[in-house]
Amino acid sequence: MGTVTPRSVLRYETWTLQPDREPDAEPVLYAMQCAVDGETAPTSEDFAEPQGVLRHCGQNPSHHTYREIITRPWRAWRQM
């Protein structure tokens, strides 16, 4: 047998993940979705605006279950 040469080098690094709060970050967006028929209210940067889902509830009295959808930008970076 000859000499053994490495085929790859593994390097373990520590990464950090957190919400992106930089000035150029995408905005946090909110929406409400009916869990019965899947109808989704338009997204908004104001969390109170999508709560206008009550109109949908009034038009569909049997639709009592909704889910909040939050889209939040995140960023990751390698710690040195």
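In this text the structure is predicted, and so the values were computed from the model without any measurement. All values below come from the heavy atoms of this structure, side chains included, with hydrogens, waters and symmetry mates left out.
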How about Pro50 and Thr43: do any of their side-chain heavy atoms sit closer than 4.5 Å? no

Just grab all the ring pair (Phe, Tyr, Trp, His ring centres under 6.0 Å) pairs involving residues 6-32, residues at least two apart or on different chains. none

Heavy-atom closest pair (Glu45 atom, Pro27 atom, distance to 0.1 Å) is CD-CB, 3.5 Å

Set of side-chain hydrogen bond (donor to acceptor under 3.5 Å, both in side chains) partners for Asp20, sequence neighbours left out: none

Take a 6.0 Å sphere around CZ of Arg72 and say whether it holds more than 12 heavy atoms from other residues, nucleotides or ligands. no

Does the Thr40 side chain pair with the main chain of Gly38, one donor and one acceptor, at a distance under 3.5 Å? yes

Going by the rule side-chain hydrogen bond (donor to acceptor under 3.5 Å, both in side chains), which residues pair with Glu49 if we only count those two or more places apart in sequence or in a different chain? Ser44

At what distance, to the nearest 0.5 angstrom, does CE of Met32 lie from CD of Glu68? 6.0 Å

Would you compute the distance between atom CG of Asn60 and atom CD of Glu39 and round it to the nearest 0.5 angstrom? 7.5 Å

Check side-chain hydrogen bond (donor to acceptor under 3.5 Å, both in side chains) between Gln59 and all other residues, then give those that pass, not counting sequence neighbours. none

Report yes or no: do Gln79 and Thr14 form a side-chain donor-acceptor pair below 3.5 Å? no

Do any pairs count as a ring pair (Phe, Tyr, Trp, His ring centres under 6.0 Å) and have a residue in residues 43-62, sequence neighbours left out, and if so which ones? His56-His63

Specify the closest pair of heavy atoms between Ala41 and Ala31, including all atoms of both residues, with the distance to one decimal. O-CB, 3.8 Å

Shortest non-hydrogen separation from Arg67 to Ala35 and the atoms involved: NH2-CB, 3.5 Å

Are side-chain heavy atoms of Val28 and Ile70 found at a separation under 4.5 Å? yes

Checking Gln18 now: which residues fulfil side-chain hydrogen bond (donor to acceptor under 3.5 Å, both in side chains) with it, not counting sequence neighbours? none

